[in-house]
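Structure record follows, encoded as structure tokens.
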Amino acid sequence: MIISGKELSARLKAEMAIQVATFPEKYGRVPHLVVVLVGDDPASVSYVTGKAKASEAVGIRNTTVRMPESVSEHELLEMIAGLNADDGVDGILVQLPLPAHINEAKVIEAIAKEKDVDGFHPLNVAALWQKQPCVLPCTPKGIIRMLKTAGVEIAGKRAVVIGRSNIVGLPVAKLLLDENATVTIAHSRTKDLASLTRQAEILVVAIGRPRFVTADMVAEGAAVIDVGVNRDPETGKLCGDVDFAAVEPKASLITPVPGGVGPMTICCLMENTIECFLKRCGAE
Ligand code: NAP
């Protein structure tokens, strides 16, 4: 089975649109998401455009603030402070990566925890690891949603996550653990990776290398979630970290790239924005 993140996210966004349509009467306004884009990296521009489009589909007000590549860290922090103080702003997202002269950690920490729709703020991360209420990071949240929607029983399963980044690998491992999977996290220093991944009943791949996971690395019947977004070096087309054509016949389910984890990430961003809005309105 191929899990279409595109279809699932379209369904979820339609449900959210119905919910958001009731907000003006209940709360006097709709949620407002502000996305800050520094510079004009084509991939970042395309992600930001996708977020604006999804907001429009759901009925969330979206403002994209564009700042030049040369913006100073101080100016960016001032802008964030202004957004934090603005009562009409419910969610703030600074598109990463930032130019090298800006300290990303400092910027993430500057965003008010209550408006941190990406779930990257250290206090949200700490809350996640302590099983406290928090804004969940969008990509891991979307992955769990896809597995559950596809009817995958996570509890008791052997899950292997390849990648240990703060935005994908680590939080998805924690969420799988919270769902009672037995989780192993692999990375670039893992020895004999294939023998490990072959034991996985759920395999999440977040490396950033085109078609890295081949059929011999996957167990028959595994659920395979491909987070990678890469350019195929030969065709220039988008492709994942998993060799989809070779792995698909072996997997019980698999996510495609594009159209898998990516759309679900944006969908969860919409959910997080609504969540932050409702909390700020005192609804939850
Ligand atoms: P990252 O920060 O670069 O982390 C990559 C991870 O992969 C690291 O932990 C690294 O190990 C590990 N790794 C690299 N080479 C490896 C190898 N040969 N064997 C085993 N592990 C290896 O990347 P990221 O931000 O997590 O993103 C990963 C991919 O997901 C990228 O393609 C990115 O574009 C994509 N992504 C997609 C979405 C989406 O919504 N679809 C969202 C976020 C990211 P070390 O820690 O040892 O270096």
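Whatever order the structure lists ligands and atoms in, that order sets their numbers, starting from 1. Values in this document were obtained by computation on a predicted structure and should not be read as measured data.
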Query raised in the report: Salt-bridged, Arg66 to Asp40, with N to O below 4.0 Å?
Result: no
Query raised in the report: Can you list the atoms of ligand 1 that are under 4.0 Å from a heavy atom of Thr265?
Result: 39 (C), 40 (O)
Query - Note: Asp87-Arg280 ion pair, threshold 4.0 Å (strictly below) - result: yes
Query raised in the report: Applying a strict 4.0 Å limit to heavy atoms, is Ala206 in contact with ligand 1?
Result: yes
Requested in this report: Give a yes/no on ligand 1: does Asn230 have at least one heavy atom closer than 4.0 angstrom to it?
Outcome: yes
Report task. Considering the heavy atoms of Phe212, write down every atom of ligand 1 situated less than 4.0 Å from one of them. Result -> 17 (C), 18 (N), 19 (N)
**Report entry** Per-atom contacts, ligand 1 versus Arg209 - under 4.0 Å to a heavy atom
**Finding:** 15 (N)
Requested in this report: Examine Val229 against ligand 1 and note whether any of their N/O atoms are separated by less than 3.5 Å.
Outcome: yes
Query raised in the report: Can we say Lys141 and Glu275 salt-bridge, meaning some charged N sits less than 4.0 Å from an Asp/Glu carboxylate O?
Result: yes
Requested in this report: Go through ligand 1 atom by atom and flag the ones less than 4.0 Å from a non-hydrogen atom of Gly163.
Outcome: 6 (C), 7 (O), 9 (O)
**Report entry** Residue Gly262 vicinity, atoms of ligand 1 by number, heavy atom under 4.0 Å
**Finding:** 40 (O), 41 (N)
Query raised in the report: Does a salt bridge link Asp216 with Lys250, judged by any charged N lying under 4.0 Å from a carboxylate O?
Result: no
Query raised in the report: In this structure, are over 12 heavy atoms from other groups packed under 6.0 Å from Asp192 atom CG?
Result: yes
Report summary line: The atoms of ligand 1 lying under 4.0 Å from a heavy atom of Ile162, numbered in the order shown, are 20 (C), 21 (N)
Requested in this report: Indicate yes or no: does an N/O atom of Arg189 lie under 3.5 Å from an N/O atom of ligand 1?
Outcome: no
Query - Heavy atoms from other residues, nucleotides or ligands near CD of Glu7 exceed 12 (cutoff 6.0 Å) - result: no
Query - Protein residue, atom and distance nearest to atom 31 (C) of ligand 1, heavy-atom basis - result: Gly208 CA, 3.6 Å
Query - Carboxylate-amine/guanidinium proximity below 4.0 Å for Lys106 and Glu73 - result: yes
Requested in this report: Compute the shortest N/O to N/O distance between Ser165 and ligand 1 and return yes if it is under 3.5 Å, no if not.
Outcome: yes
